[in-house]
Amino acid sequence: MVPGAVLLLTVEMIVGGSEGSTVSGVKIVRVVSLEAGVIERIGEPFPGIDSSRDIEISGEHVSANFYNVSVVLVLWLLFLLGGMIALFVLLPPENESFQHVVFEVASAQRNVGLSSGLTSPGRSRAVKLVLSGNMWVERLTILPVLVLLRGSV
(Lines give C-alpha, C1' and ligand atoms only; values in the text may rest on other atoms or scores of the structure.)
Protein backbone atom coordinates (compact mmCIF):
# COMPACT_ATOMS: atom_id res chain seq x y z
CA MET A 1 0.00 0.00 0.00
CA VAL A 2 1.17 3.50 -0.79
CA PRO A 3 1.72 5.43 2.50
CA GLY A 4 -0.15 8.51 1.25
CA ALA A 5 -3.13 6.36 0.27
CA VAL A 6 -3.17 4.67 3.68
CA LEU A 7 -3.15 8.05 5.41
CA LEU A 8 -5.93 9.41 3.19
CA LEU A 9 -8.11 6.34 3.73
CA THR A 10 -7.50 6.46 7.49
CA VAL A 11 -8.54 10.12 7.71
CA GLU A 12 -11.63 9.44 5.58
CA MET A 13 -12.59 6.50 7.81
CA ILE A 14 -12.24 8.66 10.91
CA VAL A 15 -14.37 11.51 9.55
CA GLY A 16 -17.03 9.27 8.02
CA GLY A 17 -20.21 10.57 6.40
CA SER A 18 -22.88 13.11 7.14
CA GLU A 19 -25.53 13.13 9.87
CA GLY A 20 -28.34 10.71 9.21
CA SER A 21 -26.21 8.50 7.01
CA THR A 22 -25.53 4.86 7.75
CA VAL A 23 -21.81 5.56 7.59
CA SER A 24 -19.92 5.34 10.86
CA GLY A 25 -17.53 8.10 11.71
CA VAL A 26 -17.11 11.30 13.61
CA LYS A 27 -19.48 12.87 11.05
CA ILE A 28 -18.71 15.84 8.87
CA VAL A 29 -20.91 18.18 10.90
CA ARG A 30 -18.87 17.45 14.05
CA VAL A 31 -15.59 18.16 12.25
CA VAL A 32 -16.99 21.45 10.90
CA SER A 33 -18.42 22.30 14.36
CA LEU A 34 -15.07 21.60 15.97
CA GLU A 35 -13.29 23.77 13.42
CA ALA A 36 -15.78 26.62 13.96
CA GLY A 37 -15.50 26.22 17.73
CA VAL A 38 -11.71 26.31 17.70
CA ILE A 39 -11.71 29.44 15.53
CA GLU A 40 -14.28 31.04 17.84
CA ARG A 41 -12.29 30.11 20.98
CA ILE A 42 -9.15 31.66 19.54
CA GLY A 43 -11.08 34.91 19.02
CA GLU A 44 -12.92 34.74 22.37
CA PRO A 45 -11.12 32.38 24.78
CA PHE A 46 -13.57 32.92 27.70
CA PRO A 47 -17.11 32.68 26.30
CA GLY A 48 -20.30 32.75 28.32
CA ILE A 49 -21.92 29.66 29.79
CA ASP A 50 -23.82 28.75 26.61
CA SER A 51 -21.32 27.49 24.06
CA SER A 52 -23.88 26.57 21.42
CA ARG A 53 -24.55 28.61 18.34
CA ASP A 54 -25.78 28.19 14.80
CA ILE A 55 -23.24 27.60 12.08
CA GLU A 56 -23.90 27.50 8.36
CA ILE A 57 -22.90 24.44 6.35
CA SER A 58 -23.70 24.58 2.62
CA GLY A 59 -26.48 27.09 3.20
CA GLU A 60 -28.08 25.09 6.06
CA HIS A 61 -28.12 26.40 9.63
CA VAL A 62 -26.98 23.76 12.11
CA SER A 63 -26.87 24.11 15.89
CA ALA A 64 -23.34 23.41 17.05
CA ASN A 65 -22.19 22.93 20.61
CA PHE A 66 -18.41 23.09 20.75
CA TYR A 67 -18.25 21.49 24.21
CA ASN A 68 -20.33 18.44 23.22
CA VAL A 69 -18.44 17.99 19.97
CA SER A 70 -15.11 18.23 21.80
CA VAL A 71 -16.15 15.62 24.38
CA VAL A 72 -17.28 13.12 21.73
CA LEU A 73 -14.12 13.60 19.66
CA VAL A 74 -11.79 13.27 22.66
CA LEU A 75 -13.57 10.12 23.86
CA TRP A 76 -13.44 8.66 20.36
CA LEU A 77 -9.72 9.41 20.09
CA LEU A 78 -9.11 7.81 23.50
CA PHE A 79 -10.79 4.58 22.36
CA LEU A 80 -8.76 4.69 19.12
CA LEU A 81 -5.55 5.25 21.08
CA GLY A 82 -6.44 2.44 23.50
CA GLY A 83 -6.96 0.03 20.61
CA MET A 84 -3.69 1.10 19.01
CA ILE A 85 -1.71 0.65 22.24
CA ALA A 86 -3.30 -2.75 22.83
CA LEU A 87 -2.38 -3.92 19.33
CA PHE A 88 1.19 -2.65 19.69
CA VAL A 89 1.49 -4.71 22.88
CA LEU A 90 -0.20 -7.82 21.48
CA LEU A 91 1.22 -8.01 17.94
CA PRO A 92 4.76 -9.13 17.15
CA PRO A 93 6.82 -5.97 16.53
CA GLU A 94 8.93 -7.22 13.64
CA ASN A 95 6.24 -7.04 10.95
CA GLU A 96 3.69 -4.49 12.18
CA SER A 97 4.10 -0.84 11.15
CA PHE A 98 2.55 2.15 12.86
CA GLN A 99 0.45 3.13 9.82
CA HIS A 100 -1.00 -0.37 9.48
CA VAL A 101 -1.95 -0.56 13.16
CA VAL A 102 -3.65 2.86 12.98
CA PHE A 103 -5.39 1.80 9.76
CA GLU A 104 -6.65 -1.48 11.26
CA VAL A 105 -7.96 0.11 14.47
CA ALA A 106 -9.61 3.01 12.60
CA SER A 107 -11.20 0.53 10.18
CA ALA A 108 -12.44 -1.63 13.06
CA GLN A 109 -13.69 1.28 15.14
CA ARG A 110 -15.54 2.70 12.15
CA ASN A 111 -16.88 -0.70 11.07
CA VAL A 112 -15.48 -0.14 7.58
CA GLY A 113 -14.21 -3.67 6.91
CA LEU A 114 -10.93 -2.77 5.21
CA SER A 115 -7.72 -4.46 6.30
CA SER A 116 -4.06 -3.91 5.67
CA GLY A 117 -3.39 -7.58 6.42
CA LEU A 118 -3.06 -7.45 10.20
CA THR A 119 -6.38 -9.15 10.85
CA SER A 120 -6.67 -12.82 10.08
CA PRO A 121 -8.26 -15.92 11.59
CA GLY A 122 -4.82 -16.94 12.88
CA ARG A 123 -4.43 -13.92 15.18
CA SER A 124 -4.64 -14.38 18.93
CA ARG A 125 -7.93 -14.19 20.77
CA ALA A 126 -6.73 -11.03 22.53
CA VAL A 127 -6.17 -9.20 19.21
CA LYS A 128 -9.62 -10.26 18.03
CA LEU A 129 -11.18 -9.03 21.30
CA VAL A 130 -9.46 -5.64 21.03
CA LEU A 131 -10.69 -5.11 17.47
CA SER A 132 -14.16 -6.42 18.36
CA GLY A 133 -14.26 -4.02 21.31
CA ASN A 134 -13.45 -1.10 19.02
CA MET A 135 -16.18 -2.22 16.62
CA TRP A 136 -18.70 -2.56 19.45
CA VAL A 137 -17.93 0.89 20.88
CA GLU A 138 -18.51 2.57 17.53
CA ARG A 139 -21.62 0.60 16.67
CA LEU A 140 -23.31 1.59 19.94
CA THR A 141 -21.64 5.03 19.97
CA ILE A 142 -19.29 6.14 22.68
CA LEU A 143 -21.51 7.90 25.21
CA PRO A 144 -24.02 5.03 25.70
CA VAL A 145 -21.13 2.59 26.11
CA LEU A 146 -19.61 4.80 28.83
CA VAL A 147 -22.98 5.04 30.58
CA LEU A 148 -23.28 1.25 30.42
CA LEU A 149 -19.76 0.77 31.81
CA ARG A 150 -20.37 3.35 34.54
CA GLY A 151 -23.49 1.47 35.65
CA SER A 152 -21.52 -1.74 36.08
CA VAL A 153 -18.86 -0.18 38.30
Side-chain angles (χ1 to χ4, degrees), residues 1-42 45 51-52 55 57-58 62-153:
M1 270 188 173
V2 179
V6 172
L7 176 63
L8 180 64
L9 275 173
T10 303
V11 169
E12 289 174 348
M13 284 189 291
I14 290 170
V15 173
S18 61
E19 287 295 321
S21 71
T22 58
V23 178
S24 295
V26 173
K27 305 293 185 201
I28 295 169
V29 82
R30 286 189 182 136
V31 172
V32 172
S33 298
L34 183 67
E35 176 191 14
V38 167
I39 291 169
E40 186 176 298
R41 289 299 190 269
I42 290 170
S51 64
S52 64
I55 59 173
I57 302 174
S58 299
V62 178
S63 177
N65 187 314
F66 177 68
Y67 176 75
N68 289 343
V69 168
S70 301
V71 168
V72 168
L73 288 176
V74 167
L75 290 173
W76 186 86
L77 289 173
L78 287 175
F79 276 101
L80 180 75
L81 184 63
M84 288 169 40
I85 291 170
L87 284 188
F88 277 122
V89 169
L90 295 170
L91 291 172
E94 62 273 356
N95 59 357
E96 314 309 345
S97 70
F98 177 76
Q99 72 178 4
H100 288 128
V101 169
V102 173
F103 184 85
E104 288 289 335
V105 175
S107 177
Q109 190 157 323
R110 289 301 178 213
N111 296 300
V112 173
L114 296 176
S115 177
S116 62
L118 294 184
T119 54
S120 69
R123 290 291 179 191
S124 71
R125 181 170 286 162
V127 169
K128 293 176 190 176
L129 284 173
V130 167
L131 292 173
S132 295
N134 282 94
M135 289 178 207
W136 181 72
V137 163
E138 177 60 29
R139 199 67 216 137
L140 295 179
T141 68
I142 290 171
L143 292 177
V145 168
L146 290 176
V147 169
L148 175 70
L149 294 175
R150 188 181 130 233
S152 66
V153 174

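Shown here are the side chain to side chain contact (heavy atoms under 4.5 Å, CB included) partners of V102, two or more places apart in sequence or in another chain: T10, M84, F98. For S124, the side chain to side chain contact (heavy atoms under 4.5 Å, CB included) partners two or more places apart in sequence, or in a different chain, are A126, V127.
Between F103 atom CZ and L118 atom CG the span is 10.0 Å, to the nearest 0.5 Å. If you take CG on L131 and CD on E104, they are separated by 7.0 Å, rounding to the nearest 0.5 Å. To the nearest 0.5 Å, the span separating NZ on K128 from CG on L90 amounts to 13.0 Å. Atom-to-atom distance recorded for H100:NE2 and L87:CG is 13.5 Å, nearest 0.5 angstrom.
Considering every non-hydrogen atom in both Q109 and W76, the closest pair reads NE2-NE1, 2.7 Å. Across all their heavy atoms, F79 and N134 have their closest contact at O-ND2, 3.3 Å. The nearest pair of heavy atoms linking V130 to A86 is CG2-CB, 3.7 Å. Nearest heavy-atom pair, G113 versus S107, reported as atom, atom and distance to 0.1 Å: N-OG, 3.5 Å. Scanning all heavy atoms of the two residues, the minimum distance from A108 to M135 falls at O-CG, 3.0 Å. When all heavy atoms are compared, the tightest approach of L148 to W136 is CD2-CH2, 3.8 Å.
Between the side chain of Q99 and the main chain of L7, no donor-acceptor pair closer than 3.5 Å is present.
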